[in-house]
There are 2 protein chains.
Amino acid sequence: MGRVKVQKMPTIRRLPTYLYRLNEMRKEGTSIVATPELARYMDIGEIVVRKDLSITGVTGQPGVGYKIDELIAAIREFLGWNVETKAVLVGAGSLGSALIGYDGFEEYGLSIIAAFDRDPAKAGTVMRGRPVIDMVELEGFVRNHKISMGILCVPAAVAQDICDIMVKSGIRSIWNFANVALKVPADVIVQREVIAGGLALLSVKRLRHFAETDDEEE
Amino acid sequence: MGRVKVQKMPTIRRLPTYLYRLNEMRKEGTSIVATPELARYMDIGEIVVRKDLSITGVTGQPGVGYKIDELIAAIREFLGWNVETKAVLVGAGSLGSALIGYDGFEEYGLSIIAAFDRDPAKAGTVMRGRPVIDMVELEGFVRNHKISMGILCVPAAVAQDICDIMVKSGIRSIWNFANVALKVPADVIVQREVIAGGLALLSVKRLRHFAETDDEEE
DNA sequence: CGGGTTTAGATATTTATGTATCTAAATCTT
DNA sequence: AAGATTTAGATACATAAATATCTAAACCCG
């Protein structure tokens with residue numbers, strides 16, 4: 001069930017942020033970047049930055065830094081974002097429509113071709129340039145367009161059912177925003193996203209902070 | 001800049017998922033849960049589950065399991081989700097409106113009171129039950145309503161500016177969905193959410209998987 | 001052109017996280 | 001009722017990640 005072991009998870013999670021920043025710098029006309037600057041931007045240690053970047057195979061120049069163009073290309077290639085991935089999104093609710101509308105995915109090689117929803121009222125409409133199609137069409141669509149990735153934005157209660165359809169249709173990567181661990185065959189990769197996890201972290205940080213300072217009453 | 005050290009980050013990130021599942025089970029009428037069941041749901045080891053739960057101080061019964069009611073209460077208290085947190089959301093774009101519309105936050109003690117946007121066309125409208133207000137009103141609103149948390153859904157380029165306004169207005173926790181490390185005073189907590197990080201992980205998992213099996217051509 | 005400064009990258013260390021082993025308590029089975 | 005099974009929780013161990021230390025290369029400044 002998505003049991004591919006991946007090391008350096010924290011590093012990989014940070015790569016998109018490097019990529020974002022590097023693209024920004026390139027637009028500004030910069031061609032070289034040194035670790036300390038990136039470290040400040042990321043709010044992490046310099047050594048972490050160097051180790052992160054080294055995963056891509058790019059080598060910098062002591063006393064100088066890294067070539068931005070090289071870094072961008074290497075990160076994109078390391079992530080496989082230099083080739084287009086076609087995806088469908090299922091569940092055109094609030095989160096689903098937000099993801100459809102996010103332009104940044106193009107930069108990540110991700111093309112959301114279409115959205116699917118069970119609600120017949122939504123079917124046939126166009127959402128931010130992408131067609132919204134009735135769920136019953138999902139399997140045929142995925143097969144015809146050779147879609148390899150599915151983005152799951154349905155309520156947890158129905159997530160496994162939709163997941164099963166995706167798998168049956170040939171989808172091999174699932175980006176799962178439903179709050180369930182999906183059961184899938186061994187050759188299907190699942191990445192679960194729990195947005196509330198970040199909120200939990202923020203909450204605890206705040207509690208710890210108050211516990212440490214605990215002289216603030218207002 | 002949000003430099004509160006938090007240990008057991010992975011554990012804390014998992015707590016919302018436990019909470020979600022436990023609530024579900026309670027609705028189904030169950031009152032006791034044992035580790036193996038939760039471990040299967042989470043797709044992690046049993047020992048990890050026990051260690052996770054132990055952080056809340058709840059103690060289970062050998063041979064039996066944990067009382068679901070106790071667990072729910074303890075997790076909520078540990079996260080501070082038993083008391084309401086009032087928040088404003090800035091940036092009523094696609095992601096912002098998705099977050100506004102997410103009902104689950106009530107369960108997490110989070111009340112998004114209002115949304116703010118720079119676009120005058122949006123100001124004055126109501127979005128999923130919450131008023132959308134012009135950005136210029138932000139500071140006054142935060143002060144008047146004693147808002148303690150800000151949810152930042154604006155483009156990265158303007159994130160620091162909005163952040164500064166939030167801090168100046170008295171906000172002390174910022175949930176940051178913009179792809180920048182914000183600079184804030186030491187008493188302000190920031191949690192950055194990089195959605196693309198999960199996509200990066202999924203991409204790498206897929207590449208590794210193909211590399212391992214590498215007998216799949218289509 | 002020579003010494004100080006910046007910086008990448010290797011190695012070593014520390015810290016955090018996940019995993020295994022063991023013991024004792026409660027339940028189940030017969 | 002006695003032994004087998006399930007399970008929590010403690011302790012010990014292994015792995016992963018972050019941090020520190022060192023060396024050498026390029027640059028800057030005088």
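Every value quoted in this text rests on a predicted model; they were computed, and no experiment measured them. Just so we're on the same page: letters track the sequence lines, and every chain starts at 1.
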* Rounded to the Å, how far apart are Met9(B) CE and dT17(C) P? -> 7 Å
* Enumerate the residues from residues 52-62 of chain A whose closest heavy atom to DNA chain C is under 4.0 Å, giving them by residue number; use none for an empty result. => Thr59(A), Gly60(A), Gln61(A), Pro62(A)
* Contact residues, residues 192-203 of chain A to DNA chain D [heavy atom, < 4.0 Å] -> none
* **Position toward the 5' end of DNA chain D (nearest nucleotide), Gly63(B) or Val6(A)** => Gly63(B)
* **More than 12 heavy atoms of other groups within 6.0 Å of Glu77(B) CD** => no
* For atom CZ of Arg118(B), decide whether the heavy atoms of other residues, nucleotides or ligands shown that lie under 6.0 angstrom number more than 12. => no
N/O donor to acceptor pairs below 3.5 angstrom from side-chain atoms of residues 78-93 of chain A, sequence neighbours left out:
unit_1   : atom_1 : unit_2    : atom_2 : d
Trp81(A) : NE1    : Ser203(B) : OG     : 2.8
Glu84(A) : OE2    : Ser111(A) : OG     : 2.7
Thr85(A) : OG1    : Arg206(B) : NH2    : 3.0
Lys86(A) : NZ     : His145(A) : O      : 3.1

* Quick one: does Lys5(B) reach the base of dT15(C) with a side-chain donor-acceptor pair under 3.5 Å? -> no
* To do: Mind jotting down which residue pairs meet the ring-ring contact (aromatic ring centres under 6.0 Å, His included) criterion with at least one end in residues 29-77 of chain B? Sequence neighbours excluded, please.
  => none
* Within a strict 4.5 Å, meaning less than it, do heavy atoms of the Arg208(B) and Val204(B) side chains meet? -> yes
* Asked: Looking at residues at least two apart in the chain, or sitting in another chain, which of them share a side chain to side chain donor-acceptor pair (under 3.5 Å) with Arg130(A)?
  -> Glu106(A)
* To do: Check every strand shown and say whether Lys8(B) touches a base, only sugar-phosphate, or nothing at a heavy-atom separation below 4.0 Å.
  => sugar-phosphate
* Short N-O contact, Lys27(A) and Glu24(A), less than 4.0 angstrom -> no
* Asked: Is there a side-chain contact between Gln191(B) and Asn176(B), using heavy atoms and a 4.5 Å cut-off?
  -> no
* Salt-bridge test for Glu37(A) and Arg40(A): reply yes if a basic N is under 4.0 Å from a carboxylate O, no otherwise. => no
* Rounded to the nearest angstrom, tell me the gap between atom CD1 in Ile47(A) and atom P in dT13(C). => 15 Å
* salt bridge (Lys or Arg N to Asp or Glu O under 4.0 Å) partners of Arg143(A), counting only residues at least two apart -> Glu139(A)
* Asked: Heavy atoms, side chains only, cut-off 4.5 Å: are Val48(A) and Met42(A) in contact?
  -> no
* How many Å lie between OH on Tyr66(B) and P on dA25(C), as a whole number? -> 16 Å
With the criterion being N/O to N/O and under 3.5 Å, what pairs connect the protein with nucleotides 28-30 of chain C, and how long is each?
none

* Structure fact -> Across all chains, not counting sequence neighbours, the salt bridge (Lys or Arg N to Asp or Glu O under 4.0 Å) partners of Arg192(B) are none
* Structure fact -> By ring pair (Phe, Tyr, Trp, His ring centres under 6.0 Å), Phe105(A) pairs with (sequence neighbours left out) Tyr102(A), Trp175(A)
* To do: State, with a plain yes or no, whether a side-chain heavy atom of Lys205(B) is found less than 4.5 Å away from one of Val190(A).
  => no
* Counterpart residues, ring pair (Phe, Tyr, Trp, His ring centres under 6.0 Å), relative to Tyr18(A) (two or more places apart) -> none
* To do: Would you grab the first and last nucleotide of DNA chain D (5' to 3') that comes under 4.0 Å of any non-hydrogen atom in chain B?
  => dT6(D) to dA12(D)
* Asked: Where along residues 14-22 of chain A does a heavy atom fall under 4.0 Å from DNA chain D?
  -> Arg14(A)
* Asked: Just how far, in rounded Å, is P of dT14(C) from CD of Gln7(B)?
  -> 17 Å
* Asked: Can you tell if the side chain of Arg76(B) reaches within under 4.5 Å of the side chain of Leu19(B), non-hydrogen atoms only?
  -> yes
